[in-house]
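We use all heavy atoms of the structure for the numbers below, so side chains are in, but hydrogens, waters and symmetry mates are not.
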6 protein chains.
Amino acid sequence: MFHDLCMMDSLSDYSSARYVLFGVPFDGTSSFRAGSRWAPDAMRKASANFETYNSYFDIDFEDLLIHDAGNFEPYSDVEKTLEELFFAVEPIVKDGKIPIMMGGEHSLTYPCVRACAKHVSEDIGFVVMDAHFDLREEYGGVKFNHACVSRHILNDITDKYVTIGVRSGPREEWEFAKDNGVCYYTPDIVREKGVKTVLAEALEHLDCDKIYLSLDMDALDPSFAPGLGTPEPFGLTDVEVRDIIRILAPMSIGFDVVEISPEYDGGQTALLGTKLLREFIAAHAAANR
Amino acid sequence: MFHDLCMMDSLSDYSSARYVLFGVPFDGTSSFRAGSRWAPDAMRKASANFETYNSYFDIDFEDLLIHDAGNFEPYSDVEKTLEELFFAVEPIVKDGKIPIMMGGEHSLTYPCVRACAKHVSEDIGFVVMDAHFDLREEYGGVKFNHACVSRHILNDITDKYVTIGVRSGPREEWEFAKDNGVCYYTPDIVREKGVKTVLAEALEHLDCDKIYLSLDMDALDPSFAPGLGTPEPFGLTDVEVRDIIRILAPMSIGFDVVEISPEYDGGQTALLGTKLLREFIAAHAAANR
Amino acid sequence: MFHDLCMMDSLSDYSSARYVLFGVPFDGTSSFRAGSRWAPDAMRKASANFETYNSYFDIDFEDLLIHDAGNFEPYSDVEKTLEELFFAVEPIVKDGKIPIMMGGEHSLTYPCVRACAKHVSEDIGFVVMDAHFDLREEYGGVKFNHACVSRHILNDITDKYVTIGVRSGPREEWEFAKDNGVCYYTPDIVREKGVKTVLAEALEHLDCDKIYLSLDMDALDPSFAPGLGTPEPFGLTDVEVRDIIRILAPMSIGFDVVEISPEYDGGQTALLGTKLLREFIAAHAAANR
Amino acid sequence: MFHDLCMMDSLSDYSSARYVLFGVPFDGTSSFRAGSRWAPDAMRKASANFETYNSYFDIDFEDLLIHDAGNFEPYSDVEKTLEELFFAVEPIVKDGKIPIMMGGEHSLTYPCVRACAKHVSEDIGFVVMDAHFDLREEYGGVKFNHACVSRHILNDITDKYVTIGVRSGPREEWEFAKDNGVCYYTPDIVREKGVKTVLAEALEHLDCDKIYLSLDMDALDPSFAPGLGTPEPFGLTDVEVRDIIRILAPMSIGFDVVEISPEYDGGQTALLGTKLLREFIAAHAAANR
Amino acid sequence: MFHDLCMMDSLSDYSSARYVLFGVPFDGTSSFRAGSRWAPDAMRKASANFETYNSYFDIDFEDLLIHDAGNFEPYSDVEKTLEELFFAVEPIVKDGKIPIMMGGEHSLTYPCVRACAKHVSEDIGFVVMDAHFDLREEYGGVKFNHACVSRHILNDITDKYVTIGVRSGPREEWEFAKDNGVCYYTPDIVREKGVKTVLAEALEHLDCDKIYLSLDMDALDPSFAPGLGTPEPFGLTDVEVRDIIRILAPMSIGFDVVEISPEYDGGQTALLGTKLLREFIAAHAAANR
Amino acid sequence: MFHDLCMMDSLSDYSSARYVLFGVPFDGTSSFRAGSRWAPDAMRKASANFETYNSYFDIDFEDLLIHDAGNFEPYSDVEKTLEELFFAVEPIVKDGKIPIMMGGEHSLTYPCVRACAKHVSEDIGFVVMDAHFDLREEYGGVKFNHACVSRHILNDITDKYVTIGVRSGPREEWEFAKDNGVCYYTPDIVREKGVKTVLAEALEHLDCDKIYLSLDMDALDPSFAPGLGTPEPFGLTDVEVRDIIRILAPMSIGFDVVEISPEYDGGQTALLGTKLLREFIAAHAAANR
């Protein structure tokens, strides 16, 4: 008669699950506004707002095998957190399941991608929706700051890398991006070319079968997502991000939604992030029926 | 020197009024977030923000005969509330006035439509802007839950029914809608075809002279209306809803704005709902000058 | 590596637990402000703020057998909710455990007391801290409204009844209380006589071994607990309520904390309610070591 | 079936009323935080939280003749506002009724006192609960700033003046108070001597039969009243203010509650202000039965 | 090691600065919601969120000469405030620098334009983005109300006037605008014609070399800017306003961002206003490299 | 005409100043709620609410030599931050001035005490008001966590240590405190003995001339200070803390107010913290006239 507290429709136990959700309430390197530590539970709360059925894909979540593992307990120290998170994600990937992280800050993506690359495919692509390049070597004296995640993935894990929605960074990052042939699409370009053309180009550039997909919610315009750590005007629309997820989810072997700071709005951003997470699952499940 | 507390420009007494506004501060069956009980007064407060003049229709509210009757006092019990509300709305309709309700939750629409159907036109159409079908037979053990309003109107009052902005529902509702030839338009369809084409189709489907128009604010995208009971991403824009109202108001014999939860934002949703309510009056008055 | 989402230090499984916590996210009859539906999860979130050790009683929560069963899923209908909740609480009581409810509204106390009376002791006393008498026969057309809980317990379950902190009610309730010898203490009386004297009197009046203890948070002054459904000035202090709990917990066979509306403050009331809940457990455990 | 929007239990029409409530939504000279313009309607909203019965005085509001006249419409200009407000309050006083103002800022008290002095008693006393002396000649280039109200009342209307709760002011004000024999009580003195002793002294000092009583809510400690224009720590308790009102209300011929800024808390201050306003009415009615 | 509190990247002292920022925390004539008094510091706080580099113009703010002069201390009285503000802005203009004001309410624009007209170019154009005409002669008994700023500029300073985003005003203002050939563009027209066409027309109409550019944030749709004094639905998008600024900044000799009320959202409006202010500087600097 | 942004009445330049204020916007190790990074500027904003005159000490702040140095720019890494902060505070102390820090989190106190001990008096006492012992060796894998500050000061700098208001800690901390003769006073003891007795005992225990005084705002009861990182019920009153500061300020050579999280209330905690900071300065200045 009592029910566990988890993402709605996470009815499966771990062993039979195909999708394994988990939260990481960590925002220790946040540079502007903290608070993404509260996002995983805010997303679980938001999930009660949504129907179990996705009409676009004709998918009912009650038919899917989803497990909510609860929250990873982070450390004060970011490096220790990332190291231990890797060991927590590794078994999920090894067991052939799709790990889906609710952050927490963007630095947490690193160990998730690393686990996927190590155990599923070294030839993995990394596609990230983000307002920022996150290509710094270090920030504020900390290597694994949230502002550096893409650089370390690029350096350490894979150079098959596309970033969509990017519109902010110091001159060094823009120059690094250009000098190193980083494939990026600003919201202005997405608006101009359309999501389908952009993704066709991006997939050609990636030239791989499997990707890890990361959604930093600040890729979205703050009118859709005001509750963020570092909101940046002139972003993607909710429909654009939804359409990107619909196309890329089928080839994804891992996914995350990060950087929601629920205390800066009345639920709007957590609701949208949760909806997009559910769109990812529906799109993946529909393609892999 | 003192003025009554009411919607701005509601300068008429009841007997000479053409438009009769009233609030119903009831949200007893809210399934996710409560709070629409506070919407009527929040809308009155918001109304002080707006000019009395509508330039699109060249209508000055000071020239119109609008009466704000105050708030209906609801009961804890939803069925009792709906029954008594019917008796409160009935005289307004019988007196040949346009009833305009500020909800409260969507279940309250039922007695308003019923009163209009009984006393004005049995051949009435029902057009609702809503993110949800509201086509359940019952929800949470309660027949007159806010999630069932359209089903009961369809069953009991009229089958001339169109819903615009719909994008969420369990599989049963989508199947019911398809099996029963329900005329619905998702926001994606509205975007693709445009408001004018959609409404031309809808009016042909309705095939009637008079309609009751209901605006569940969650028809709108949460970027425009974050303060809601059950916000659903990927919705209609404010301009789309405004344009729908401009076209449909002239043939409407009743109107409502429901499901605003003012405590989840800083006034944005109540302001927009009030503006749209005033657009309805201006459009109706201009066509019936 | 991942941990379940629950009240901190609820490390026990059900079968070995002595204390069984559960939430009931229901506020369907709230007359002024809704929102206690969010209280159980807000209290779990708040619990992470507190140390596991209670120095007053020299009790470490890590040594106790506490189980968090999660949330009971309520119905829209209050009577159905109370009926089913009774069946959910009954096994906890039968299994010899202490049920501890995180409400939700005060009407939910009724089935908890009923379960305790039926299975532990018919001679049970009912001690409630509350700003209101809750002695109405019905309210807003609903018998099991939150404003009637004490009356129904008095009528149906036990007349061994004491209420502390009461300061608000219609004339009928004050007269009913006086005419029926209801034992009540206003905050002014508590301030004047002191907690110890008041409780000595109350226990003599009760004349029983076991009680059910209920804490409606509006017993407290709004300076300590602003986030409530029906806040009432001139209430008890946090220290007075703590001291009442310290004295009464040892003889209690059930407990609840109800009527917190977390959306009306920045966490203050949920934090205090959680702290008092933990004080109850520590006091009970210390006396029953 | 519909009810007007007003302070709960304001059931009387103007002509038969003994107590006439009105709001003045004006905060144009606020020096720190604005927002008292929203207080009158926030207090009306808060009033729905309270029972109609006051057990201390055995008074039921439903038996009293209270009229809520609505809100006075202020001007942008403070002098014009005060002048016109005087003309609005004058007839209430002339008609032998008790005017009760819900501010708005403290400058609004001036015309209320002036109307009472002119039409009821030139020998009127002025008792104000306030954290600040408000004894400046002018502030920010404006004579009728909220920080000057007591000075102008003292200069223009009556020198029978007592201020309770005062604890803040520039050196000039403290010196003016001492040099001119102003009778003031800091919260520390109230705590030390007790309310009864302080009021006995104050009444001896005043030496008059009738007073105007003004409650600037910042007299209270911010723990009781955080939603204010200029909150000042170390203030009076809610019980102290209540007890002052209980004693002084019977001899009062006018009353106001001012300086609540409802947007800085979750309703706590408006609820307390409303409760104290109702305590004033109950105390006055009980003494004048 | 300590840094002053100012807009990020305001590294220059006054004497060498090209751009001089200052705040004016004044909202004394606000008619609906106050709070723009807090905007200047909210914008400085928001500025820490943004990178120093603008990739569109290839401008690094660290290379620019920007000075943040702090806040002008206003008076309670609006006329006194405007008069003294003129004397504060005058030296900035005389020294050949670009004054950039962070309001504060819109009335503050008047002395800024006046200073620019007097010392730089009498033939100055005035381009304002605004939801309202602000063409009243007076409002609420006050000539220099925020609702009158454009009228006074038109009357006193220059008739080279264009307003973009306008959609609200009493009939008199619309008629005044039409009768006097005021050049205005509603958001519907901007959507239809596009920013470039609109500005081409506007510049032809203005027929001058230099303009003062004023951004009343309510020109934007409330989905982008909910934290305002008088939010008006159906407004401009963030990208439209950005593109207007990019085109007009090069010929601007003064700029302001006004009417942000930071207490009505979680930072969204101040962040966008700050971003647009920085876009102005980047666009101006790029054109005048 | 423009004024710098700083704590009110900080009119002195550095060289002539006696009191040097600075903020440290760092909360990187916050374990429950972050946000004290925003406290220094929130306190500066709050300071505009207060009069320049302190009547208890007959001190006018305009006569004092106070300098606000602005904010120290922290690093993401806590150890680096503490190290550099030490170098920033050192010259202030060396120059014979009183450093007054507005935190930020409590870990920041360590370098301030260290600087005072090194350059003023090795025999320094450390008196801290705090709800928590902060006596852990490390927390969450980080030595310089905010939960460990007292331990490191005790270990590294001085064993003349008194903590007041303490009421929370793991069993190890309470045992450590008892085993090591730590002098601590819970709020219950303060209430029972009174501030004067407690401080007389404490000073005898300390047996030194000079102390560093640290105010973790969570020493206060959450009714006075709800906006905190780790609020703990049953705390000290505002008057108790004020009276402690009045007595201890004269012998203090450094002071800080830490752990305010301004986003969890409407300004209440920052206002009180600022008031207490000003009380410290007044008390110190009065004793050292």
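Considering every non-hydrogen atom in both A:G266 and B:R33, the closest pair reads O-NH1, 2.7 Å. Listed here is the closest heavy atom pair of B:P231 and A:L271: CG-CD1, 3.5 Å. Contact record, A:E51 with B:S168: CG-OG, 3.1 Å, taken as the closest heavy-atom pair. In this structure, B:W174 and A:S55 approach most closely via the heavy-atom pair CZ2-OG, 3.2 Å.
Summarising the geometry, atom CG belonging to A:N54 is positioned 10.5 Å from atom CZ belonging to B:R171; distances are rounded to the nearest 0.5 Å.
Looking at A:K275 and B:E232, a side-chain N of the basic residue comes within less than 4.0 Å of a carboxylate O on the acidic one, giving a salt bridge.
For A:D58, the parts lying near chain B are the backbone and the side chain together; criterion is any non-hydrogen pair under 4.5 Å. Only the side chain of B:F32 comes within contact range of chain A, with at least one heavy atom under 4.5 Å from a heavy atom of that chain.
No side-chain heavy atom of A:T237 sits less than 4.5 Å from a side-chain heavy atom of B:F234.
Residues passing the ring pair (Phe, Tyr, Trp, His ring centres under 6.0 Å) test with A:F255, sequence neighbours excluded: A:F280.
Contact residues of residues 215-230 of chain A toward chain B are A:S223, A:F224 (heavy-atom distance under 4.5 Å).
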